[in-house]
Structures are given as structure tokens and as C-alpha cells.
Amino acid sequence: MHSRRRSHRVRPRHVFAALVAVGLLLRVLTFNSWGIVYDGAVMSVMGESFALHGEFLVPYAPGVVYYHHYPPLYPVFLSLFYRALGFGVFATKLAELVLSALLVVVTWLTTADLFGRRKAWYAAAFVALEPMFLITSLIGYSEDLVGILFVLTAWAAVKGLRKLPYLFWAGVFAGLGFLAKADIGWVFVVTIVMGALWLRRVRGWWILRDKWFLAGVAAFALLAGGWTLRNLSVYGWPNYQTSTYLTYVYAYGFAHPALLAEALVVKVPLFLIFFLLYAGFFLPEVRLSRGKVRGEETGLLWTIVGSTFLMGWIVSAFFWTVEQTPLWWWDNLRYVVITSPLILWLVLRETEPRWSFTRAPSTDLRDFSRRFAALMAVFLAIALAIVAFPAPYPQQAIVQNLDAYLHPGAVVGVDGIPPEAILPYISVPDVAVVPYRGGVPAAYILSSTSATYAGFVRVSSLHSGDMLGESFRCTLWARDGTALADSVSAAS
């Protein structure tokens, strides 16, 4: 009887598994509410282009024009789903769900390997409910993929301290990470360099001549260098960067040092808040960990986390000089969210059950668990708010209503709206979405401007705002003589 009662007792891992399930379920529940927008929409169109052509071609360009801002790995991943399911929002959402599940699995496996299965469940629940991983997965961004590769890079680097062959895999994962993130892809370069310097510090100069270390460097150089050579072959010298926009941003920032200095100073507290979002509940463990910063594994993890925060802080400041977004912009969390599993690793290293035989100073795992539960409650509250209040992008609602009137060969013009924001929502094949100019033979126009269009009938207009105060507007126009225009004229 006693053993039967014991077998039905709710254990911590059951609670953590339930939190993981909730995190994945919330993503499924938003399939029809949150849209594929901004960078996510562009990368989805790139994925379709790769599925069709094996390259990243702009579908509405008059000639052969290549996308020159976004990295290749995430669109290539999406193309696998588009080949199987066809291009559209559902396939993109499913691909994102798979990545979210893989992030949980990879985080669980790597944490279990480093710190044991008990602590792995903390990490799995953490990434399943972390707010930035959640919201970016809802809108089609690549943060889950970047997070997977960053965790694998850090795991292989830590393992490489004891078993040198893992340094090769650290180079492979870092190279793939470089291909997964354009604006902070160089953080993987910094990670390689800082990791190498740390290895040199703790192991001596000989480590830089080790065959496995050199193999890792070669793997990274092959992946990152191969993509760089592709850029040069397509765009010509000196366009080796993944993003021409990023090159422009850096040039503008250096040309306006006062603006750049203002952003750097003001964003320091913002990135401190980002760090405290993940570590604020675990300051006792952070203090213990900082006291061990000269240790091999702890020092390496702090080096990786610190260099990533440094890169995110600098890159976000450069972007602000051009874009003039709010200086304290929550979206900047995207630059450092990939470090959050590593921050959790650092604090998990410093907590043990009171019955543990470890002799190292540590906090009580039971007390840690209570504070971790509080953080999960915060994450869950934010997650529920995200699901309950999706950003209202009116162009999505309008184009979904327009879909019924489209036919193969139809042309839809857009004014003030990127064609990529519309393309994933059109299910009719061979419909062209192009920037509208006079003379474009468009049957319909989707506009976010106040312009009027001769020969077109205004069909509908939506204006909405989200809970952060950002407003959205979209107006649908139909050319005189189309079925949709005639139905509007008859109704009026």
C-alpha cells in the first residue's frame, strides 16, 4: 500500500513537465491569433524562395535580386516544411513549434549532461516559458534556432575543458550559429575568441596548437567563411557582410559619436534589468558563482555570458542611432535571451539538496526551488498576457478576407506595407504582391497610408493599437470592375 501511494505522488519533474507542456500548448493556441510579421515574414518568404530556387531571391523584384539582410540557416530550415506542406502561415507556425520543442529537448539534454537530470528539468521549464523565446516563436523569428545553437556551443565548450574532441563540435555549432543570426551572428565569433583566450589562460599556450581546437576553428571558418565567400560572389567586394543594413548602421553610428555615446550610456541600466530578469531571484547563487569565476567551467560560462551581453549592448546602441526606437526598448532583450539558459546553468551549479555530500559552499535546493517557482509564476503571467492580447495587425485580417476574391495571376499592390507582410497569408497560387506604383496592373491595393487611388473603390479600413501603444492601419482598395468593388458599390 505504501509503495502504491508513493508511486502516485506528484514529483518535481511532473510539475516541470507540466510547465513545459503549458509553454508548448500556448504556442499552439496562438496559431490563429499572432501573425508572422516583420523579420519573421521576410525570412518566411526567403524560405519559400529557397524551396523553389535554391537561393534567396526577392519574388517581386523586376530582375534577379537577392535578399541582403537576413542570414540563411533559418530560411533553409523553413524551406523543409514548405516543400512538404506548402508555403503559408500554418507551415511556418509548425516549424516554429518544432524549434521550440527542440530548444526544450536540447536544453534538457545538455543540462542533464553537465548537472544531472534533476536540474535539467529546471532548465527545460525555464526555456519553455521564457517570454522572449515565446513571443519570437509566435511571430516567426529565429531566436529558438539561435538559442539551440548557442546552448550547444556553450555545452561543447564546457565539455571541451575535460575532453578536447568536444572543441571541434563547439566550432561546428558556433559556425551554424553564425549562419542563424545576422545582426549578432558575430557574437559567435566573439564567443570563439573569448573562449580561446580563456582556454589559453587555464591550459596554457599549448591548447592553441591542439588538433581538436584547430579542427573547431577550421569548422567555424569553413561555415562562416563559406557564407562570406558566397556573399562576395553574389554582391561583389566589399559586401562580405550578411546585412548591408547592418554595415550602414555601423557606419552611421561611427559618424555620429555623440548619438552613439548617448545610447551606450542610457542602455547600460536596460541591460542590467535584462540580466536581473533572469538572475534577480537567484542573487545568493550569483554571488557564489562570481566568487568562483577563476574556476575553469564557471569562468568560461561567465566569459560567454558577459561577451554576449557586451555585444548586445553595443549592437543595440548602433541600431538606435539610425532607428530612434525607445532607448529602453524591450525588443533589445532578443540580443541576450540566448544567454538565459547559461545564466541558469551558473546558478544551478551553486545549489544542492541539503542532504548532498558536496563539500563546496552552496544554497539549499529547496529554497532555490521556491524562488524558481516565483520566477516561473512571473514568466507564466507574462505568457498568458501575450496569448490573451495578441498584437492586432490589420493587414492580416484584411488579406485573409481578400483571399476569397483572388485568382491565379492576380496582382495585389501594397503601399507602405512590405510585400513580405502579405505573401504568407495568400493561399491562392501564382498571385503577385508588388509595391504599388502608377501603372501597376493591380486588381487590389493594401495601403497603410492616407493616399487615394484613381480607378479604385475603398472597400474596408482597419485601425488598431496594441497594449504597448503602437498603432496599425490598413486600407483595402479594389479596382473598378472587380467582383469585390462591384459588391461594395451595390451595397452603398
Side-chain angles (χ1 to χ4, degrees), residues 30 32-46 48 58-62 65 67 69-70 87-89 92 135-136 138-141 245 319-320 322-326 329-331 389-406 410-428 431-480 482 484-485 487-488 492:
T30 60
N32 294 322
S33 55
W34 279 87
I36 305 300
V37 295
Y38 305 126
D39 295 4
V42 178
M43 287 188 283
S44 69
V45 174
M46 289 175 63
E48 184 201 24
V58 180
Y60 50 85
V65 178
Y67 280 102
H69 179 51
Y70 298 96
F87 175 58
V89 174
T92 307
I135 196 168
T136 52
L138 304 186
I139 59 177
Y141 279 38
Y245 179 62
F319 271 111
W320 179 83
V322 173
E323 298 175 349
Q324 295 291 293
T325 51
W329 194 26
W330 65 269
D331 186 71
F389 301 101
Y393 301 109
Q395 69 267 22
Q396 295 165 15
I398 286 180
V399 77
Q400 285 171 322
N401 293 332
L402 172 63
D403 207 41
Y405 293 89
L406 295 175
V411 177
V412 177
V414 290
D415 189 6
I417 300 172
E420 290 87 356
I422 305 301
L423 283 166
Y425 289 88
I426 294 179
S427 62
V428 179
V431 171
V433 180
V434 298
Y436 183 76
R437 301 289 185 271
V440 172
Y444 307 96
I445 298 174
L446 287 165
S447 174
S448 64
T449 74
S450 57
T452 58
Y453 306 91
F456 286 81
V457 175
R458 177 172 168 164
V459 176
S460 61
S461 183
L462 289 178
H463 184 275
S464 57
D466 63 17
M467 59 183 178
L468 297 177
E470 190 168 356
S471 61
F472 307 92
R473 174 180 179 175
C474 184
T475 303
L476 172 62
W477 300 77
R479 186 180 292 275
D480 286 334
T482 61
L484 186 52
S487 67
V488 172
S492 59

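Here the closest heavy-atom approach between residue P435 and residue Y60 is recorded as CD-CD1, 3.7 Å. In plain terms, the two heavy atoms of L446 and C474 that are nearest each other are CD2-SG, 3.8 Å. Smallest separation of non-hydrogen atoms from P59 and Y67: CD-OH, 3.5 Å. Contact detail for V411 and P441: the closest heavy-atom pair is CB-O, 3.5 Å. Closest of all the heavy-atom pairs between S44 and A41 is OG-O, 2.6 Å. Here the closest non-hydrogen pair linking S448 and G416 is OG-O, 3.0 Å.
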*asked:* Test side chain to side chain contact (heavy atoms under 4.5 Å, CB included) on D403 and Y425; report intermediate values, then the result.
replied: CA-CA 8 Å; D403 207 41; Y425 289 88; over 6 Å; no
Under the side chain to side chain contact (heavy atoms under 4.5 Å, CB included) criterion, do T325 and D331 qualify, and how do the steps go? CA-CA 10 Å; T325 51; D331 186 71; over 6 Å; no
Walk me through whether I135 and W330 qualify under side chain to side chain contact (heavy atoms under 4.5 Å, CB included). CA-CA 12 Å; I135 196 168; W330 65 269; 4.1 Å; yes
From CA spacing to verdict: side chain to side chain contact (heavy atoms under 4.5 Å, CB included), F319, Y245:
CA-CA 10 Å; F319 271 111; Y245 179 62; 3.5 Å; yes
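Note: L402 CG to I445 CD1 = 11.5 Å, rounded to the nearest 0.5 Å. Residue I36 holds its CD1 atom at 5.0 Å from OG1 of T92, rounded to the nearest 0.5 Å. Residue S33 holds its OG atom at 12.5 Å from CZ of F389, rounded to the nearest 0.5 Å. Interatomic distance, E420 CD to M46 CE, rounded to the nearest 0.5 Å: 10.0 Å. Here the straight-line distance linking atom OG1 of T136 with atom CG of D39 works out to 11.0 Å at 0.5 Å rounding.
By the 4.5 Å heavy-atom criterion applied to side chains, I398 and S460 are counted as neighbours. Between Y444 and V459, every side-chain heavy-atom pair lies at or beyond the 4.5 Å cut-off. Annotation: side chain of R473 is in contact with side chain of S450 (closest heavy-atom distance under 4.5 Å). Between Y38 and P418 there is no side-chain heavy-atom pair separated by less than 4.5 Å.
Residues Y453 and Y436 place their aromatic rings such that the two centres sit under 6.0 Å apart.
Not a single donor-acceptor pair under 3.5 Å links the side chain of R479 to the backbone N or O of G455.
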